[in-house]
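Step one of this worksheet: look at the structure below.
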Amino acid sequence: MRRKPLIIAMSAALASIAGFASDVEVTPAPGGAFIINDTGQIERFKVLDSGQVYIPGISSTTLNSSLLCFSSPTGQITQCDPGAVEGAQGPVGPQGPQGDKGLTGDQGPVGPQGLQGDKGLTGDQGPVGPQGLQGLQGDKGLTGDQGPVGPQGLQGDKGLIGDQ
């Protein structure tokens, strides 16, 4: 439990020189660490003497769509370039279940008329239909030309002379 007296001493030292110093420098002992705790003695930030940095409470913070990166040469924490953190595409997942049928959409506009098709085959002759009704009498026709004179007929018998 050596950490608590060290932290108290460091806090007191920092508080006494805070008005005079522009930078605060902490050098942990070999195998030690620089740790910041909250008022409930819960660890919030830790830097090991190896340079590893831990922020234990970060997993309980609100999710955010921004990324946080660091500069390898300087160790500065910065925003990430979104294009720099894109990974390789993963494998295709299994097909999901079929969804519900959607609403019927509006009817689209009438399309252009298509080309005329080929002439079809001649169909079979249909059955004879029923006899129709008798039509109305037609108008009297024109008188035709007079025909030629016919051959002479047979001579008839002489008749009886009757009483006078």
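For S50, the side chain to side chain contact (heavy atoms under 4.5 Å, CB included) partners are L48, Q52, not counting sequence neighbours. Applying the side chain to side chain contact (heavy atoms under 4.5 Å, CB included) rule to D38 yields the partners I42, R44; only residues at least two apart in sequence or on another chain are considered.
Y54 and F34 fall into different hydrophobic clusters, where Ile, Leu, Val, Met, Phe, Trp and Tyr are joined by side-chain heavy atoms under 4.5 Å apart, directly or via other members. Residue I36 is grouped with residue V47 when hydrophobic side chains (ILVMFWY) are merged at heavy-atom distances under 4.5 angstrom, including chains of intermediate members.
The shortest non-hydrogen separation linking N37 to E43 is OD1-CA, 3.1 Å.
Counting only residues at least two apart or in different chains, salt bridge (charged side-chain N to carboxylate O under 4.0 Å, His left out) contacts with residues 124-135 are absent. Residue pairs satisfying the salt bridge (charged side-chain N to carboxylate O under 4.0 Å, His left out) criterion with at least one member in residues 49-61, sequence neighbours excluded, are absent.
Annotation: the span from Q98 atom CD to K101 atom NZ amounts to 11.0 Å, rounded to 0.5 Å.
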